[in-house]
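In this text the structure is predicted, and so the values were computed from the model without any measurement. Just so we're on the same page: letters track the sequence lines, and every chain starts at 1. Basis for what follows: all heavy atoms, side chains included, without hydrogens, waters or symmetry-related copies.
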Amino acid sequence: MSKVMPLISKNCGQIRPTSVEDYVKAGGYAALKKALGMKPLEIIEEIKKARLMGRGGAGYPAGAKWQQMYEIEHTPKYIVCNADEGEPGTFKDKLLLEQDPLKVIEGMTIAGYVFNSHDGYIYIRGEYAAIQKLFQEAIDNAVQAGYLGDNILGSKYSFHLHVMTGAGAYVCGENSAMLNSIEGKAGRPRVKPPHLAEVGLFQKPTLVNNVESFANVPVILDIGAEKYLSIGTAESGGTKLVCLSGHVAKPGVYEVPFGVTLRDIIFDEEIGGGMSGHRKLKFYHLGGQSGPCGFLPQLDTEYCYKALRANGLSVGSGAVVVLDESVCVIDYLKCVTEFFIHESCGKCTPCREGNKQLYLILDKFSQGTATQDDYRQLERLSNLLAKVSFCGLGQAAATALNTCLKNLRAEFDAHLSGQCPAGVCFTNQETESGE
Amino acid sequence: MQKTGKAAKKVTVSIDGRPVTVPEGTTILEAARQAGVKIPTLCHHTDLKPRATCRLCVVEVKGQRRFQTACNTPVADGSEILTNSKAIREARKTILELLLADHPQDCLKCVRNQNCELQKLANEYQIREVAFERSEKDLPLENTNPSIVRDMNKCVKCGRCVEVCQEVQQVAAINTANRSVDFGVSTAYGESLADSPCVYCGQCIAVCPVGALTEKDDTARVWEALDNPELHVVVQTAPAVRVALGEEFGWAPGTISTGKMVAALRRLGFAKVFDTNFTADLTIIEEGNELLQRIKEGGVLPMITSCSPGWINYIEKFYPELLPHVSTCKSPQQMFGALAKTYYPEKAGIPAEKIFVVSIMPCTAKKYECTRPEMQSSGYQDVDVVLTTRELARMIKQAGIDVEALSEEEYDAPLGISTGAAVIFGASGGVMEAALRTVYEVVTGQELKDVDFKEVRGLTGIKEATVDLAGTKVKIAVANGLANAKVLLEKIKAGQCAYHFIEIMCCPGGCIGGGGQPLGTTVAIKEKRLEATYDIDRGLKLRKSHENPAVKTLYEEFLEKPLGHKSHELLHTVYSKRKY
Ligand SMILES: Cc1cc2nc3c(=O)[nH]c(=O)nc-3n(C[C@H](O)[C@H](O)[C@H](O)COP(=O)(O)O)c2cc1C
Ligand code: SF4
Ligand code: SF4
Ligand code: SF4
Ligand code: FES
């Protein structure tokens, strides 16, 4: 059986992305028509039954989020699509936005109908400038064709979509920072409570979902929750867009049903196709910089929310960065930490000061000046980051470090005595040039 | 979220194993306080919205994977909270070490030594060693304006100053800026405060937990003057200083320290100890007459008070088009300065150039005010140096004066004689109340029996009342804190303001809450200072400014009449639009 399954990405590369005509011919907007004949709670019930987990990284059940939002009485409510896609090694929202934007629009339109919401916003990252234009074109075409705007398909329901963008900060992918950015404020996370479902965009109740999450909505309504769930595992419904990069033979975005193994993803001929060079696999980084690293003994873990979690791993954004033996774990973690230092908004102590100090300690390892006590300091800092940081950025900043400390401790120890097994540290700059 | 309207439901939680029942919506911090547990905080300030950024107040809540910040998290019914577990102590220590690694290590040379929240926490948590590498910063010290000194090397990024400047004052001179390790507090484009909209209110200093924000210390200049045998150094003390100074010596908030303060000032070597209250009474005569004249002659109304220099800075920068509403009276401190170098030299037979005038003020904006070019009507700079309440305390301590042991002394005549109407200038609503006591008698020709106008007292941001002056209904309003002032100004602009007279004080609560007052000010402490203020007033025989005998003599001997030629020259001023 094939390990890839184009379900939500089936139109990608097959139709003209902004053409409503092509989209409808390919089965598009059948879900919206169906939805307009359903009660909002029936739609939420389908989403719940399908066990759709949010695809933005945190894996929060979409059905539960929709239910909470539904129960809030205040109006107006806003629908916001998170298309910030800032997680390094993640480029799957890009695929949907670029090649099937109408599916995302349809998903948002259905959500709007559920919450009787009249305005939706999509926050597309600053670096995707061309996509912003293309997406606007898709919106305009949908309005023209009567699938968006006033009185959608002749019904009483009207929904308007607005394209927003930021200046390219990773933290603006965090829900509340994103809403601040949309409002024109500095993109720093908000104090919670109140939660966004109560006090969100412009102080109004707001639903935020990821691009891929919204794209799943029409698919679920099309094929029905039961069939959808049968595709994945019992716990994780449907498919996942996985982004492969690093030392892998065939990098790219692949849609796989939940339940394939990590080994399949990296080595299956239809997917990663194995390593890109002659070197062996050393580890892989799941879900972006904020995710955990996986190691050889975990390769047969099923790719789904439950099994990954049970093995200390997670789906996250869907990124899978493959790293071979030429990579020094200390060097790699320094890069990860540099990323978090760069992207920290800086307002809370653990993240602003903690990441800086983490880096300095890792640097001591790569200089051969670290001592046993530095393990304790690494542990103090990673605990602090995980348990005390203000937002998800700081909370996740030491996740990779933790998994590497557990699984590659010997490599850390080697650095204490001036040895770098990968041959990256302690080499003379001059002799290395030309590499 | 707490629902408004309904009576709050009660919830019961366990804090370190002990049950506490509190209204729904109470924060963990507050619930713990009620259970007798003080959770450490740094970014939190009781009077401000929580920002929850320092993370020092974290606690363990059973069932929650992550620690919760006590300052902003409401208690959930039935939750079990641990405030002092091993993990929590470790987290707090780590945070403190991280902050200290990023902080200058010169406590001994810091103005906040022994009065610093970071230092206190570091001591409570016994931080004897910092495990992390020191990150030296070398940001320039900003001391280019007369009021406020900023040393961002010491900033712990709590954001309290920003909260005050943005929300309480709505001046927005400063904001959080930059990301990551460069995150901090800055004016727009990092310009100096002097080039920013800053009004020098010093409210940011009042909430700063560390030594990053301080008043510009002018004590050295005062010592120098006192040491100069050629100079005749006189001092005036603002009404709000006497009800706050005691806090600097560990006395309970609200202790009245007038007599001891006067005695201490004499010990410091001031030739004469005078009182700004004298010119506060004078202000009432001038301003009251100005109001009546405006009402009679169809002048610009509402008229707005002009005693608060932070407020004057604000209107000049933000609402210059409304300047004609502001009374032309100088502030009491500047009236005093002008007289101390004209009337007083004549009377005392000392040449004006030998007189050096020092003011003790609850205010940092006064430091700027005395340097304004308009404030030289005596031919000299009318007030030479302004010290805040805090700086006076520093001088007294330096001089080794045991205030506890001092006997109370009286102010010198004549510029030290005043009424109860003057002392209440220190409280929001006080100028209004003092004015009403005088205006009533001038207009009606009858004696005012009940001098207490309670509706204008208290810490409420905006207070309104209508006063019946023998048939003429006078509508008044009182605002304290610039956010509240803004509300009234917007109403005036929109033409929806039927008031005759408005009192505006820059600082929340009025001068008793000024930016130069003892640190650690909270609403509760302000209330004590207010009580003390009204106690002083109540205990005085003379409670109306026009009954001040020294002021009467001043008119007879020198000024001739209110709003007369000399008054205009010395006691009134003009305002102008200011760019920033
Ligand atoms: C630092 C940070 C960055 C994030 N970046 C993104 C992002 O780029 N895209 C995204 O969809 N979610 C991102 N998230 C997660 C969002 O906060 C949020 O959980 C998600 O958009 C919810 O959508 P979902 O439930 O459909 O996954 C980020 C979270 C954090 C803490
Ligand atoms: S963890 Fe703290 S500093 Fe880091 S991005 Fe979140 S709020 Fe900002
Ligand atoms: S002195 Fe007042 S106006 Fe100036 S920065 Fe501080 S709070 Fe803002
Ligand atoms: S200057 Fe003071 S009040 Fe402002 S953020 Fe820094 S430490 Fe806090
Ligand atoms: S005091 Fe609660 S986070 Fe700073």
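- Ion pair B:Glu117/B:Arg112 not flagged as a salt bridge, since none of the NZ, NE, NH1 or NH2 atoms sits closer than 4.0 Å to an Asp/Glu carboxylate oxygen.
- Within residues 56-70 of chain B, the residues approaching chain A closer than 4.5 Å by heavy atoms are, in numerical order, B:Val58, B:Arg65, B:Arg66, B:Phe67.
- Using a cutoff of 4.0 Å between basic side-chain nitrogens and carboxylate oxygens, B:Arg51 and B:Glu163 are scored as salt-bridged.
- The main-chain N or O of B:Thr53 is never found under 3.5 Å from a side-chain atom of B:Lys157 such that the two would form a donor-acceptor pair.
- With a 4.5 Å cut-off on non-hydrogen atoms, B:Asn175 does not touch chain A at all.
- Using a 4.5 Å cut-off between heavy atoms, A:Arg188 touches chain B through its side chain atoms alone.
- Contacts of residues 166-173 of chain A with chain B at a heavy-atom distance below 4.5 Å involve A:Gly168, A:Ala169, listed in sequence order.
- Residues B:Tyr125 and B:Pro40 share a closest heavy-atom pair of OH-CG, 3.4 Å.
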>> Between A:Glu343 and B:Ser180, is the side chain to side chain donor-acceptor pair (under 3.5 Å) condition met? List the steps.
In response: CA-CA 7 Å; A:Glu343 296 298 338; B:Ser180 188; over 6 Å; no

>> Applying side-chain contact (heavy atoms from CB on, under 4.5 Å) to B:Lys154 and B:Cys110, what does each step give before you reach the verdict?
In response: CA-CA 10 Å; B:Lys154 291 181 180 163; B:Cys110 180; 3.5 Å; yes

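- Nearest heavy atom pair, residue A:Gly86 against residue A:Arg125, reads CA-NH1, 4.1 Å.
- In this structure, chain B has no heavy atom under 4.5 Å from any part of A:His195.
- Looking at A:Val80, A:Val208, A:Asp84, A:Asn180 one by one, the single match for side-chain contact (heavy atoms from CB on, under 4.5 Å) with A:Asn175 turns out to be A:Val208.
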>> Run the salt bridge (Lys or Arg N to Asp or Glu O under 4.0 Å) test on B:Lys93 and B:Glu90 for me, step by step, so that the C-alpha distance in whole Å, both residues' side-chain angles and the decisive distance to 0.1 Å come before the verdict.
In response: CA-CA 5 Å; B:Lys93 275 193 160 186; B:Glu90 174 67 9; over 6 Å; no

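- The two residues B:Leu213 and B:Cys161 have their closest heavy-atom pair at CD1-CB, 3.7 Å.
- For the set B:Leu42, B:Asn178, B:Val156, the count of heavy-atom pairs under 4.5 angstrom toward chain A peaks at B:Asn178.
- With A:Glu183 contributing its side chain and A:Lys185 its backbone, the two residues share no donor-acceptor pair below 3.5 Å.
- Using a cut-off of 4.0 Å between Lys/Arg side-chain N and Asp/Glu carboxylate O, A:Glu198 and A:Lys192 are scored as not salt-bridged.
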> Given A:Ser176 and A:Leu196, is the side-chain contact (heavy atoms from CB on, under 4.5 Å) satisfied, shown in steps?
Replying inline: CA-CA 7 Å; A:Ser176 63; A:Leu196 302 184; 4.0 Å; yes

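- For residues 374-393 of chain A, the interface with chain B (any heavy-atom pair closer than 4.5 Å) comprises A:Arg376, A:Gln377, A:Arg380, A:Leu381, A:Leu384, A:Ala386, A:Lys387, A:Val388, A:Ser389, A:Phe390, sorted by residue number.
- Ranked by heavy-atom pairs under 4.5 Å with chain A, the first of B:Ala101, B:Ala87, B:Cys54, B:Pro50 is B:Cys54.
- Scanning both residues, A:Cys404 and A:Leu333, for their nearest heavy atoms gives CB-CD1, 3.9 Å.
- Using a 4.0 Å cut-off between a side-chain N of Lys or Arg and a carboxylate O of Asp or Glu, B:Arg134 and B:Asp102 do not qualify as a salt bridge.
- Without hydrogens or angle criteria, A:Lys77 side chain to A:Met69 main chain gives a donor-acceptor distance under 3.5 Å.
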>> Please evaluate residues A:Tyr60 and A:Met53 with respect to the criterion side-chain contact (heavy atoms from CB on, under 4.5 Å), reporting the C-alpha separation (whole Å), side-chain torsions for both, the decisive distance (0.1 Å), and the verdict.
In response: CA-CA 5 Å; A:Tyr60 191 81; A:Met53 304 290 197; over 6 Å; no

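- Below 4.5 Å, heavy atoms of chain B meet heavy atoms from A:Gly346, A:Lys347, A:Cys348, A:Thr349, A:Pro350, A:Arg352, A:Glu353, A:Gly354, A:Lys356, all part of residues 346-356 of chain A.
- With respect to the salt-bridge test (charged N to carboxylate O, under 4.0 angstrom), the residues B:Glu124 and B:Lys120 qualify.
- Relative ring orientation between A:Phe115 and A:Tyr70 is described as tilted, the plane-to-plane angle lying within the 30° to 60° band.
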